[in-house]
Amino acid sequence: MIGRSTSRTEPGPYYRPGAPFRSSIADGVRGDRLTVAGRVLGGDGAPLSGAVLDVWHADSEGHYDAPSGRDAGAGWRLRGRIRAAADGTFRFETIRPAPYPVPGGMRPAHIHVIVSAEEFPNLVTELFFEDDPYLEKDPAELVRPDLVRPVTRRDGTLWIEHEFFLNA
């Protein structure tokens, strides 16, 4: 059944397969603490138990843990995989990434996500922050309204929440 579907984007040049499973991907990294939480659902709204979110993003200065360049050899900094619970819920701790320059302008701050679940094609997407000044000027043209999330503060920590919808 085709129902709601999360917009797709591109994995970008910094994806690396094989990140470890962990609920905190920013240990020892400076920046504003951020909790990302939500659910993984089928297009019909049914929770997808055991779905895997493979996440990665830039740091608070706009740099990725890249295989070459400034952060060569840094390991799995700001990268990890999270498994959704039986009810499709997930949660992980990180820091808020920063926008960064690319040819043609500034990429708005974002978190890359590949969501995989049995019997569904992988969903490659990004989450953006509602208060980012570069949303309307993304040179990559990957910002979609359903991927822009409001940022709230709870007990001194930033939060964003999102529901990912997968379709067969």
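- The NE2 atom of His57 sits 12.5 Å away from atom CD of Glu126, with the distance rounded to the nearest 0.5 Å.
- Within the 4.5 Å cutoff, the side chain of Phe164 has no heavy atoms near those of the Leu48 side chain.
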Practice problem: Would you check, one step at a time, whether the test side-chain contact (heavy atoms from CB on, under 4.5 Å) holds for Val143 with His110? | Solution: CA-CA 9 Å; Val143 176; His110 57 279; over 6 Å; no
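- For Phe90 and His162, the distance between ring centers is not under 6.0 angstrom.
- In this structure, Asn122 contributes its side chain and Ile114 its backbone to no donor-acceptor pair below 3.5 Å.
- Linking Ile, Leu, Val, Met, Phe, Trp and Tyr residues whenever their side-chain heavy atoms come within less than 4.5 Å places Leu127 and Val151 in a single cluster.
- Side-chain contact check for Leu123 versus Phe165: every heavy-atom pair is 4.5 Å or farther apart.
- Here OG1 of Thr125 is found 7.0 Å from CG of Asp146. Values are rounded to the nearest 0.5 Å.
- Checked against Ile111 for a side-chain contact (heavy atoms from CB on, under 4.5 Å), the options Val36, Leu147, Leu53, Ile25 give a single hit: Val36.
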Practice problem: Test Tyr14 against Arg79 for side-chain contact (heavy atoms from CB on, under 4.5 Å), laying out the working first. | Solution: CA-CA 10 Å; Tyr14 299 115; Arg79 298 174 184 272; 4.0 Å; yes
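- Side chain of Thr94 to backbone of Leu34: no donor-acceptor contact under 3.5 angstrom is found.
- Note on ring orientation: taking the six-membered ring where Trp is involved, the planes of His112 and Trp56 are parallel (angle under 30°, cut-offs 30° and 60°).
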Quiz item: Under the side-chain contact (heavy atoms from CB on, under 4.5 Å) criterion, do Arg33 and Ile95 qualify, and how do the steps go?
Solution: CA-CA 4 Å; Arg33 295 290 151 200; Ile95 62 161; 3.3 Å; yes
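- Among all heavy-atom pairs drawn from Ser60 and Arg30, the shortest one is OG-O, 3.3 Å.
- The structure places CZ of Arg149 at 12.5 Å from CZ of Phe128, a figure rounded to the nearest 0.5 Å.
- When all heavy atoms are compared, the tightest approach of Leu78 to Ala26 is CD2-CB, 3.7 Å.
- With values rounded to the nearest 0.5 angstrom, Arg4 atom CZ is found 8.5 Å from Leu41 atom CG.
- A continuous path of ILVMFWY side-chain contacts below 4.5 Å connects Val115 to Ile82, so both sit in one hydrophobic cluster.
- Side-chain contact between Asp54 and Ser116 is absent, with no heavy atoms from C-beta onward closer than 4.5 Å.
- Residue Arg154 qualifies as enclosed at atom CZ: its count of foreign heavy atoms under 6.0 Å is above 12.
- In terms of heavy atoms, Pro139 sits closest to Pro103 at CB-O, 3.8 Å.
- In terms of modelled atom types and a separation under 3.5 Å, the side chain of Asp32 and the main chain of Arg96 share no donor-acceptor contact.
- Atom OH of Tyr134 is surrounded by 12 or fewer heavy atoms from other residues, nucleotides or ligands within 6.0 Å.
- Judged by a 6.0 Å distance limit and a 45° cone about the ring axis, Arg91 is not positioned over the six-membered ring of Trp159.
- Nearest heavy atom pair, residue Trp76 against residue Pro17, reads CH2-O, 3.3 Å.
- Using a 4.5 Å cut-off on side-chain heavy atoms (C-beta onward), Leu158 and Arg153 make contact.
- With values rounded to the nearest 0.5 angstrom, Ser49 atom OG is found 9.0 Å from Arg83 atom CZ.
- A salt bridge does not link Arg107 with Glu10: every distance from a Lys NZ or Arg NE/NH1/NH2 to an Asp or Glu carboxylate oxygen is 4.0 Å or more.
- Arg39 places no side-chain N or O within donor-acceptor distance of the main-chain N or O of Glu163, the cut-off being under 3.5 Å.
- Taking the side chain as every heavy atom from C-beta outward, Pro97 and Phe129 approach each other to under 4.5 Å.
- Minimum heavy-atom separation, Pro99 to Asp132: CG-OD2, 3.6 Å.
- When atom types are taken as modelled, the side chain of Asp59 and the backbone of Ala98 share no donor-acceptor pair closer than 3.5 angstrom.
- Residues Asp87 and Pro47 approach most closely at O-CB, 3.2 Å, considering heavy atoms.
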